[in-house]
S.K.: 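Encoded as structure tokens, here's the structure I'll be asking about.
These numbers were taken from a predicted model, which means no experiment stands behind them. Atoms within each ligand, like the ligands themselves, are counted from 1 in listed order. Just so it is clear, the values below take in all heavy atoms, side chains as well, and ignore hydrogens, waters and symmetry mates.
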Amino acid sequence: MRSRIHILATGGTIAGETDPASGGTRYTAGVRSVDALLAAVPALSDVADISAEQILALDSKDITPADWLVIRAAAIHSLADPAIDGIVILHGTDTMEETAWFLHLSLPAGKAVVLTGAMRPADHAQPDGPANLLAAVRLAAGNAAQDTGVLVVMNETAHAARWLVKARSSGLDAFESCRPWRDARPDGRFSDLTISALPRVNLLPGYAGAPAELIDACVAAGARGLVLALTGHGSIPAAWLPALRRAKQAGVAILRASRCAGPVVRNTNADDDAEGWLSAGDLPPAKARIALMLALAAGWPDDALRTRLPGL
Ligand code: ASP
């Protein structure tokens, strides 16, 4: 039986057009409508019945947590439709790994959810968007993507939301993942959560001479959590300690992550128990931030934050 795949378009370079004034060096993302993008790929109708809606038209560098909620609501609505077998989300590549991970944790499991985009704008002489769109629809319409959670397809390669990173700023092979997508399993642990707004969680990088004032500024701005993208194995600069203790005292969750690949293990290289800090396990900082936002929104108690977040 033919599958029906519903496309949710959010903008990105896949819908981008070159800015003529730039002499071809710059383009504007999110200009072309989803109907125009579909019309450029007639082979889609050989693969599945297609329906589509334009839910956002953004460069993904400008996507906010409020936009994640818009995408999530549209996805939940589509996935609940018994006539729809899977969804494909067109999205900019800059924050694709964040949206994919947010949806992986917060959408119900059972139907295919595949994100794709493009590294070249739609009016490029050799655009990659049409092939990516076709590959994403093929994956969503097949029978492998229902048991993996949220996937991303770029440049003829599928990636699991959990392990995907945009590793290069340009080139068709911009995305990488450290494990094969077929190893992934659905999550959706926050799929029943009603979220009207996500709590503010800020990300602060550690580097030589990183100022502690930014910690106080985040707390003053209303942060409920701070994810620290620290050097090495989550090393806290000594100069940050007073500000971090003030933040903790004010009820802000403090989570140690690393700007390196690899895990930040609890109580290793810092006394997390004594300070009341959390650790990221092998979640990279941007994904640890999303997990913490959802966990705070769900009201996870401290012991769940301590023990369950690093295992995500
Ligand atoms: N800045 C663009 C975006 O993320 C880049 C892209 O889509 O490749 O929307």
S.K.: Using a strict cut-off of under 4.0 Å between a residue heavy atom and any atom of ligand 1, list the qualifying protein residues by chain and number.
M.R.: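 Close residues (ligand 1, cut-off 4.0 Å): Gly12, Thr13, Tyr27, Asp59, Ser60, Gly92, Thr93, Asp94, Ala118.
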S.K.: Is Asp282 salt-bridged to Lys287, going by a charged N under 4.0 Å from an acidic O?
M.R.: no
S.K.: So, using salt bridge (charged side-chain N to carboxylate O under 4.0 Å, His left out) as the criterion, who are the partners of Arg182 when residues are at least two apart?
M.R.: none
S.K.: Could you list the residues that satisfy side-chain hydrogen bond (donor to acceptor under 3.5 Å, both in side chains) with Asp216, not counting sequence neighbours?
M.R.: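 side-chain hydrogen bond (donor to acceptor under 3.5 Å, both in side chains) check on Asp216 returns Arg246.
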S.K.: Counting only heavy atoms not in Asp46, do more than 12 sit closer than 6.0 Å to its CG atom?
M.R.: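 Counting neighbours around CG of Asp46, more than 12 heavy atoms of other residues, nucleotides or ligands fall under 6.0 Å, so yes.
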S.K.: Among Thr10, Thr99, Thr13, whose side chain to side chain donor-acceptor pair (under 3.5 Å) with His91 holds?
M.R.: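 Answer to the side chain to side chain donor-acceptor pair (under 3.5 Å) test with His91 among Thr10, Thr99, Thr13: Thr99.
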S.K.: Which residues pass the side-chain contact (heavy atoms from CB on, under 4.5 Å) test with Arg138, not counting sequence neighbours?
M.R.: Val47, Leu134
